[in-house]
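In what follows, chains carry the letters A, B, and so on, assigned in the order in which the sequence lines appear, proteins first and then strands, with residues in each chain numbered from 1. Only this structure's heavy atoms are used, side chains among them; waters, hydrogens and symmetry mates stay out.
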There are 2 protein chains.
Amino acid sequence: MATGRTHRPATRSRGIPEATVARLPLYLRALTALSERSVPTVSSEELATAAGVNSAKLRKDFSYLGSYGTRGVGYDVEYLVYQISRELGLTQDWPVVIVGIGNLGAALANYGGFASRGFRVAALIDADPAMAGKPVAGIPVQHTDELEKIITDNGVSIGVIATPAGAAQQVCDRLVAAGITSILNFAPTVLSVPDGVDVRKVDLSIELQILAFHEQRKAGEEVAAPEEGAGAVSPPPVSPHRAPPGAPGADSGRQGPDGDVPAVMPA
Amino acid sequence: MATGRTHRPATRSRGIPEATVARLPLYLRALTALSERSVPTVSSEELATAAGVNSAKLRKDFSYLGSYGTRGVGYDVEYLVYQISRELGLTQDWPVVIVGIGNLGAALANYGGFASRGFRVAALIDADPAMAGKPVAGIPVQHTDELEKIITDNGVSIGVIATPAGAAQQVCDRLVAAGITSILNFAPTVLSVPDGVDVRKVDLSIELQILAFHEQRKAGEEVAAPEEGAGAVSPPPVSPHRAPPGAPGADSGRQGPDGDVPAVMPA
DNA sequence: ATGTCTTTGTGAACGCGTGCACAAAGATGG
DNA sequence: CCATCTTTGTGCACGCGTTCACAAAGACAT
């Protein structure tokens with residue numbers, strides 16, 4: 001999961017737990033697949049398997065939405081697709097803007113999963129004047145100067161940030177000032193936003209690091225970890241030189257502070 | 001976070017909670033930034049703010065790693081960077097292979113955040129013969145036929161799947177059979193893997209849908225929904241009882257019955 | 001040394017999320 | 001109409017994660 005929510009402590013919207021909301025898209029995907037195969041109904045067991053979750057959890061999730069099932073039979077696929085879509089707000093059109101048309105931004109612009117879910121790429125924005133007018137995924141890139149106008153003219157409320165880390169906060173501030181209230185952030189930075197603005201982040205690097213952690217653990221299981229100092233080893237002021245990976249280090253020379261340039265895109 | 005973990009119920013690796021592991025990369029990023037600015041020490045309060053978390057949570061997280069701070073002073077930045085890197089397994093080289101070099105795969109191959117964290121792209125693999133030999137991000141693409149050989153020859157244990165949804169499971173099976181034990185999946189499909197294999201998934205579409213949910217709720221707050229609670233009155237926008245599809249009518253039209261099309265990667 | 005001040009590390013309480021297990025609801029067959 | 005069988009919906013218990021709040025530990029000044 002390359003995700004991470006931000007803020008929004010416990011405002012359980014109208015009783016639907018955040019964890020449940022996060023799974024609804026999963027159910028929707030599985031249901032859509034069934035719908036395409038013209039399957040009329042599914043049991044919680046079948047659907048749960050298709051969505052990769054526990055059936056009890058699925059039933060409990062659906063119970064928050066209402067009683068849409070039929071005991072002894074299961075759930076009507078089409079009806080459920082509609083209900084979940086409505087709950088998620090996918091029955092309406094959501095114009096989005098993508099800021100930062102680099103490798104990642106371009107990949108996002110070409111992403112086919114947008115339109116099929118009610119999301120419409122209203123505009124592509126980049127700070128590089130050379131990019132202006134150049135079409136990406138059939139949409140001409142516009143310069144950052146137009147940002148505010150684009151957002152207000154199109155009534156955009158969701159913005160995607162795919163810029164380098166250094167520019168993210170600045171872009172974010174402008175988006176928010178222009179009226180954006182939901183942001184999907186691909187830049188490896190913590191964005192600070194005023195209350196009322198939602199931010200979700202996707203960071204591939206983080207996901208890989210989590211995998212590495214487990215991978216290391218698996219590998220170390222056979223060798224039996226050396227347990228290191230049992231007693232609390234007081235932190236010696238002597239900063240142990242950070243062991244640089246045997247790889248071609250010297251990465252931080254690429255650019256700004258963090259040198260991170262996000263590049264992600266779910267298929 | 002466009003993230004979502006999979007499996008691994010409660011195997012808290014050596015006592016470090018999964019939630020804590022997921023935050024370590026966040027701390028590491030903030031610490032690295034401080035390190036580059038030559039800041040010698042930070043308090044839990046400062047670091048927490050930089051990482052976007054609560055200070056109490058941060059201290060508790062660090063407590064699982066050991067006592068690396070100094071009361072009254074804070075944490076030694078360099079030392080902590082090293083400890084966390086080591087804990088995450090980033091002090092060693094992790095060769096990874098990327099399968100599926102479409103828009104997404106190419107973006108990933110160009111991602112600068114890999115090398116800087118100890119990850120090295122060992123190979124790019126695609127099923128399209130026309131792609132073979134073509135360099136992407138300086139690395140020549142190899143055909144799927146070579147998959148097994150590439151993995152065993154390079155001792156790769158982490159694989160990234162960026163193929164269309166339809167090919168994901170098949171690719172996954174081959175990766176696992178070849179010895180891969182950690183997979184980062186960008187395809188919108190639930191992968192089934194044997195025990196011992198970790199899968200993490202990133203799905204942009206899901207993140208956007210979650211944002212849409214909250215966005216819709218924000219918009220609806222002004223209209224103030226009429227409580228509707230008590231009697232569990234199933235909201236029948238279409239039909240009270242198990243009404244068949246019927247949905248499209250009220251729907252924003254546009255998309256056909258299918259609507260979804262499992263995010264078929266443009267490739 | 002001694003006292004004061006800062007910040008960590010953690011015990012404990014609390015709340016959310018998960019999964020079990022079962023009663024209720026409805027379908028189905030006789 | 002009744003019996004049986006399937007599957008939902010949910011009460012309940014449990015465990016993880018979060019947060020509070022404070023004692024302990026050390027820095028620093030006197």
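- Remark: A/Glu45 pairs with A/Ser43, A/Ser55 by the side-chain contact (heavy atoms from CB on, under 4.5 Å) rule, at least two apart or across chains.
- Under the side chain to side chain donor-acceptor pair (under 3.5 Å) criterion, B/Asp61 pairs with B/Thr20, B/Arg23, B/Tyr27, sequence neighbours left out.
- Here the P atom of nucleotide D/dA21 and the NZ atom of B/Lys57 are 17 Å apart, to the nearest Å.
- For A/Asn54, the side chain to side chain donor-acceptor pair (under 3.5 Å) test picks out no residue, with sequence neighbours left out.
- We find that CZ of A/Arg23 is positioned 15 Å from P of C/dC16, with the value rounded to whole Å.
- For B/Thr181, the side chain to side chain donor-acceptor pair (under 3.5 Å) partners two or more places apart in sequence, or in a different chain, are A/Glu215.
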Check the interface with nucleotides 6-10 of chain D: list each N/O to N/O pair with the protein under 3.5 Å, or write none.
unit_1: D/dT7; atom_1: O4'; unit_2: A/Gly72; atom_2: N; d: 3.0
unit_1: D/dT8; atom_1: OP1; unit_2: A/Ser44; atom_2: N; d: 2.4
unit_1: D/dT8; atom_1: OP2; unit_2: A/Ser44; atom_2: OG; d: 2.6
unit_1: D/dT8; atom_1: O2; unit_2: A/Arg71; atom_2: NH1; d: 2.9
unit_1: D/dG9; atom_1: OP1; unit_2: A/Gly69; atom_2: N; d: 3.1
unit_1: D/dG9; atom_1: OP2; unit_2: A/Tyr75; atom_2: OH; d: 2.6
unit_1: D/dG9; atom_1: O4'; unit_2: A/Arg71; atom_2: NH2; d: 2.9
unit_1: D/dG9; atom_1: N7; unit_2: A/Arg59; atom_2: NE; d: 2.9
unit_1: D/dG9; atom_1: O6; unit_2: A/Arg59; atom_2: NH2; d: 3.2

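- Residues meeting the side chain to side chain donor-acceptor pair (under 3.5 Å) test with A/Thr49, sequence neighbours left out: none.
- Remark: P of C/dC20 and CG of A/Leu58 are 14 Å apart, rounded to the nearest angstrom.
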